[in-house]
Amino acid sequence: MNITHEETRSGGRYLAELDGHFAEMTYSRASPQLVIIDHTGVPDALRGKGVGQALARHAVEEARKGGWKVIPLCPFFKSQVERHPDWQDILR
């Protein structure tokens, strides 16, 4: 699975590609040190393959590397953070 990143001035998204299908996790930037993860989209063809989990893990790693805090508005991402106590350090 390949995960890439696209960023704009106000936010961005992580794209995961697997078997010719794409999933995404989008965010908006509230400040240079605060992002709001607002959506995760995984097409039916990729469901059950761990793609959403990989996107969530990638977002956590990026937040740690960038020194950002995250507000999890996306229900999927929020549920993943609740399942991983070791991710609590990135939450605002």
Name all residues meeting the side-chain hydrogen bond (donor to acceptor under 3.5 Å, both in side chains) criterion together with Glu62; count only those two or more places apart in sequence or in a different chain, and write none if there are none. Lys65

According to salt bridge (Lys or Arg N to Asp or Glu O under 4.0 Å), who are the partners of Glu24, at least two apart in sequence or on a separate chain? Arg13

Kindly write out the residues that satisfy side chain to side chain contact (heavy atoms under 4.5 Å, CB included) with Ile36, not counting sequence neighbours, or none if the list is empty. Ser28, Ala30, Ile71, Leu73

Please identify each residue that fulfils side chain to side chain contact (heavy atoms under 4.5 Å, CB included) with Asp89, with sequence neighbours left out. Arg64

For Arg92, all residues meeting salt bridge (Lys or Arg N to Asp or Glu O under 4.0 Å), sequence neighbours excluded: none

The salt bridge (Lys or Arg N to Asp or Glu O under 4.0 Å) partners of Asp19 (sequence neighbours excluded) come to Lys49

Distance in Å, Phe22 CZ paired with Thr4 OG1, rounded so as to fall on 0.5 Å steps: 7.5 Å

Rounded to the nearest 0.5 Å, how far does CZ of Arg29 lie from CG of Leu34? 9.0 Å

Inter-residue atom distance His21.NE2 - Leu46.CG, 0.5 Å rounding: 6.0 Å

Those residues at least two apart in sequence (or on a different chain) that pass side-chain hydrogen bond (donor to acceptor under 3.5 Å, both in side chains) with Asp44 are Arg47

With sequence neighbours left out, write down each residue that passes side-chain hydrogen bond (donor to acceptor under 3.5 Å, both in side chains) with Glu61, or none if nothing qualifies. none

Excluding sequence neighbours, so at least two apart, what forms salt bridge (Lys or Arg N to Asp or Glu O under 4.0 Å) with Glu17? none

Nearest 0.5 Å, please: how far is CD in Glu82 from CD in Gln80? 9.5 Å

Which residue pairs satisfy the ring pair (Phe, Tyr, Trp, His ring centres under 6.0 Å) criterion with at least one member in residues 36-76, sequence neighbours excluded? Tyr14-His58

Show the nearest heavy-atom pair for residues Val81 and Gln88, with the distance to one decimal. O-NE2, 3.0 Å

Name all residues meeting the side-chain hydrogen bond (donor to acceptor under 3.5 Å, both in side chains) criterion together with Gln33; count only those two or more places apart in sequence or in a different chain, and write none if there are none. none

Heavy-atom check, side chain of Ile37 versus side chain of Cys74, under 4.5 Å: yes

ring-ring contact (aromatic ring centres under 6.0 Å, His included) with His84: which residues, sequence neighbours excluded? Trp87

